[in-house]
There are 4 protein chains.
Amino acid sequence: MSKDTPIRTPQQARSIKKRRDLMDAAVRLFDRHGFDGTNAKAIAAEAGVSVGTFYSYFKDKKGILMDILAEHTGEIDHSVFGKLKQAARTGASGREVMRLAVKAGHATHTQPPGVLRMLLGMRYTDEDMRRFQEAEDRAFLRRLTALLDSLQPRLRVTDTEAAAFVMAAAFEEVMHSTIVFDQDIERERLFEALADMGAAYLFIDPDAKG
Amino acid sequence: MSKDTPIRTPQQARSIKKRRDLMDAAVRLFDRHGFDGTNAKAIAAEAGVSVGTFYSYFKDKKGILMDILAEHTGEIDHSVFGKLKQAARTGASGREVMRLAVKAGHATHTQPPGVLRMLLGMRYTDEDMRRFQEAEDRAFLRRLTALLDSLQPRLRVTDTEAAAFVMAAAFEEVMHSTIVFDQDIERERLFEALADMGAAYLFIDPDAKG
Amino acid sequence: MSKDTPIRTPQQARSIKKRRDLMDAAVRLFDRHGFDGTNAKAIAAEAGVSVGTFYSYFKDKKGILMDILAEHTGEIDHSVFGKLKQAARTGASGREVMRLAVKAGHATHTQPPGVLRMLLGMRYTDEDMRRFQEAEDRAFLRRLTALLDSLQPRLRVTDTEAAAFVMAAAFEEVMHSTIVFDQDIERERLFEALADMGAAYLFIDPDAKG
Amino acid sequence: MSKDTPIRTPQQARSIKKRRDLMDAAVRLFDRHGFDGTNAKAIAAEAGVSVGTFYSYFKDKKGILMDILAEHTGEIDHSVFGKLKQAARTGASGREVMRLAVKAGHATHTQPPGVLRMLLGMRYTDEDMRRFQEAEDRAFLRRLTALLDSLQPRLRVTDTEAAAFVMAAAFEEVMHSTIVFDQDIERERLFEALADMGAAYLFIDPDAKG
DNA sequence: AATGAATGAGTATTCATTCAT
DNA sequence: TATGAATGAATACTCATTCAT
């Protein structure tokens with residue numbers, strides 16, 4: 001019931017490496033076989049340790065997933081919004097800002113495709129995952145809305161919150177589609193269309209220098 | 001695969017009804033508990049028949065899912081594209097066409113939310129599902145591209161294929177989000193933003209009557 | 001969550017036999033290895049069926065135990081109290097009644113020693129078991145108290161409830177000891193002492209005919 | 001068994017304290033969670049040392065239990081039998097002796113209820129435990145028999161060995177019941193009944209002064 | 001003396017699917 | 001046609017114990 005066994009937060013170099021190894025192994029296997037298709041024993045084996053060791057570093061099979069996830073979070077926003085704000089401030093046109101956004105959005109998706117697929121799937125399947133991503137989405141939307149607000153009065157949209165939502169939706173879906181599904185259309189054309197969409201939708205004069 | 005007990009394609013009225021009952025039962029349970037959370041025995045029980053009977057109507061647990069899916073397909077395209085083409089031909093403005101599209105797109109999602117969630121999740125999880133939906137998406141894109149082409153020369157986009165993709169992506173994601181996830185923003189505002197996005201992105205003069 | 005899979009209550013002869021076989025197998029293994037030392041797979045194997053079958057007849061590993069237990073219950077009280085009341089009514093002396101009681105109490109313990117040991121152990125270990133046996137004990141005490149009351153005015157005890165408790169405690173412990181532990185003293189001497197104790201403790205004149 | 005790292009028998013003060021701490025910690029946890037519900041790591045943590053240290057003081061998880069047990073042994077007999085013999089020698093009536101016995105028997109159970117429950121359960125479960133307690137019981141019976149013999153010719157029982165067994169059984173069971181199980185009857189009534197039983201059963205004239 | 005990281009065997013339970021009746 | 005009893009593989013997680021440091 002009230003058992004102890006707290007999860008080890010490694011300080012020693014060897015411990016840190018082992019944790020790293022386990023997470024890398026997990027990413028490898030999740031990428032190949034998905035979450036349900038991967039079991040703790042296999043992760044441990046792939047990392048060259050025993051199951052017991054796995055469970056001393058991670059509370060759960062889901063635990064290691066959340067930890068992997070956490071690594072990919074936070075950096076994202078900073079890089080994306082940082083770049084865009086700076087561009088807007090230094091006189092870039094709406095179209096240029098959107099092209100940057102597409103590039104940044106793409107750069108953001110660093111996970112192996114299989115991992116991304118798994119993550120996306122679990123949004124619909126796993127309650128914790130849904131909550132986690134919902135929180136992330138909300139935070140992202142707040143920042144995007146703020147960014148749009150800061151671009152006024154160059155914008156043609158007035159409900160920036162809704163506009164942010166629609167833009168984020170379009171971006172996400174296009175990004176994910178190009179990564180996890182086979183597409184007939186080359187990625188570059190899609191990215192260009194995406195940037196064009198943003199430029200035409202959001203800006204009064206997409207090509208006017210800021 | 002090469003089994004000798006082929007799946008019954010029911011001709012008799014009673015058989016047809018039983019098949020119907022099973023599919024309805026499955027939808028009910030999938031909606032409540034998802035795909036993995038529902039077992040064949042439970043579906044049979046909910047439909048008031050035995051597991052054996054279930055397996056004489058459907059090859060698989062996945063089999064019934066695919067059959068359910070198949071029902072919801074085809075009708076969709078017709079209704080959506082039919083309405084839009086007619087509107088465009090009878091002098092609707094770009095904005096009006098987009099508003100119609102949003103409405104139609106929304107009307108298209110007739111499945112119970114839980115079923116939609118399950119379906120969306122399985123896109124990323126199940127190979128067969130992915131293939132099925134990829135095929136559907138491709139067909140949809142072809143028709144949407146054709147629709148856009150038929151709207152020339154009123155459009156500002158030239159790569160209609162890419163534009164169709166981006167529009168479809170935005171629509172899908174917004175629709176799905178509003179159905180399966182909790183949103184802070186009211187649906188109507190999102191729909192209006194979506195229509196506005198399409199109008200501004202696609203059309204040279206969104207408010208000009210066709 | 002709300003899965004179905006109700007436990008099969010067998011009507012067909014073959015089913016009944018299988019259930020019987022499983023329970024007999026379980027008794028055999030519980031007797032030899034105790035509850036924790038026996039796993040469902042082993043019970044199934046001993047009964048010549050698969051684990052799956054085990055779980056279609058019993059909810060749980062504890063389920064089969066409770067079912068085994070239930071078999072040994074109820075008959076007990078009837079036989080014991082029936083005999084004693086009749087003896088008292090037909091003029092038996094206090095001592096004769098007590099000798100009967102000892103005999104009946106002993107006859108009541110029909111389980112194999114290992115099973116009894118397991119059951120006794122689980123009283124202290126398993127919450128469900130504790131509750132079950134507490135309920136049984138309470139019922140038993142009520143009946144025993146009533147029996148004593150019906151023997152008035154031949155008794156020297158006045159607080160029949162407490163007397164019943166003490167008598168039951170002594171009986172139980174002696175019975176259990178002689179069955180599950182090694183004793184230096186021959187069982188017959190213990191039984192005679194037990195009857196003598198009851199006679200001297202409860203009755204004003206233990207040897208007076210009723 | 002033939003390992004070369006023998007269990008430390010502490011001579012230094014610090015060692016003795018550590019051993020004490022571990023045993024106290026174990027008692028605390030055993031009381032709360034039982035034997036199976038407590039693991040070596042938890043005991044070590046509760047005592048503020050490492051698992052390794054635990055295993056340098058005790059051979060086993062069972063080892064610490066046996067050591068705890070050993071502490072509670074021996075003192076018991078002395079106190080109980082000492083008091084009773086003295087009372088009998090100084091003119092107490094049979095009833096008075098029995099009342100003293102009840103009081104002493106009760107005072108003897110100093111362990112926390114959870115510990116007692118665990119111990120009682122393990123009698124039936126663990127071979128070592130059974131042997132240990134069997135040995136204790138035998139020794140206790142020998143002394144009790146001797147005590148009874150010393151009370152002759154005031155006794156009505158002749159087979160003092162069997163009488164001792166029955167009395168011990170009744171005492172033990174009543175004590176344990178009142179400690180580890182919920183009872184409807186107040187302890188005092190049970191204790192009075194117990195004393196009355198002993199008086200009436202053992203003594204020719206329970207109220208005659210010795 | 002002390003630490004605590006590492007090991008890995010062990011177990012209850014579910015469920016898709018088959019097939020004898 | 002229909003039944004539902006039977007199968008058995010597959011999986012997450014715990015914990016007593018060791019031993020290199």
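In what follows, every chain begins at residue 1, and chains take the letters A, B, ... in the order their sequences are listed.
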Should A:Asp126 and A:Lys62 count as an ion pair when the cut-off is N to O under 4.0 Å?
yes

Interatomic distance where NZ belongs to C:Lys59 and P belongs to E:dT13 [whole Å]
8 Å

Select one nucleotide: of F:dG8, F:dA6, E:dA16, the one nearest the side-chain heavy atoms of C:Val51.
F:dG8

Under 3.5 Å: donor-acceptor pair, side chain of C:Ser56, backbone of C:Thr53:
yes

Expressed in angstrom and rounded to an integer, what is the separation of C:Lys18 atom NZ from F:dG4 atom C1'?
12 Å

Could you tell me whether the side chain of C:Lys61 and the main chain of C:Phe35 form a donor-acceptor pair under 3.5 Å?
yes

Length of the line joining C:Asn39:CG and E:dA12:C1', which is rounded to integer Å:
9 Å

Shortest non-hydrogen pair, C:Val115 vs C:Asp31, comes out as N-OD1, 3.3 Å

Of A:Phe35 and D:Lys62, the one whose nearest nucleotide on DNA chain F sits closer to the 5' end is A:Phe35

Please give, in whole Å, the distance from E:dT3 P to D:Tyr57 OH?
9 Å

Consider side-chain hydrogen bond (donor to acceptor under 3.5 Å, both in side chains). Of C:Arg19, C:Lys17, C:Lys18, which one does C:Asp21 pass it with?
C:Lys17

Taking for each residue the nucleotide of DNA chain F with the nearest heavy atom, is it D:Tyr55 or B:Ser50 whose nucleotide lies nearer the 5' end?
B:Ser50

C:Asp21 CG to F:dA6 P, in whole Å, measures 11 Å

Could you state the CZ-P distance from C:Phe58 to E:dA12, rounded to the nearest angstrom?
15 Å

Separation of atom CZ in D:Phe54 from atom P in F:dC15, rounded to whole Å:
14 Å

For DNA chain F, consecutive-pair runs of 3 or more (Watson-Crick or G-U wobble, both H-bond-type distances under 3.5 Å) give E:2-21 with F:2-21

Holding to salt bridge (charged side-chain N to carboxylate O under 4.0 Å, His left out), I want the full list of residues that pass it with C:Asp24, two or more places apart in sequence or in another chain.
C:Arg20

Would you call C:Arg131-C:Asp128 a salt bridge at under 4.0 Å N-O?
yes

What is the distance, rounded to the nearest whole Å, between atom NZ of C:Lys41 and atom P of F:dA9?
7 Å

Go nucleotide by nucleotide along DNA chain E from the 5' end; which of C:Ala40 and D:Gly48 gets its closest nucleotide reached first?
D:Gly48

Whether A:Thr53 contacts E:dT7 is assessed here as follows: a side-chain N or O lying under 4.0 Å from the phosphate OP1 or OP2. Is that the case?
yes

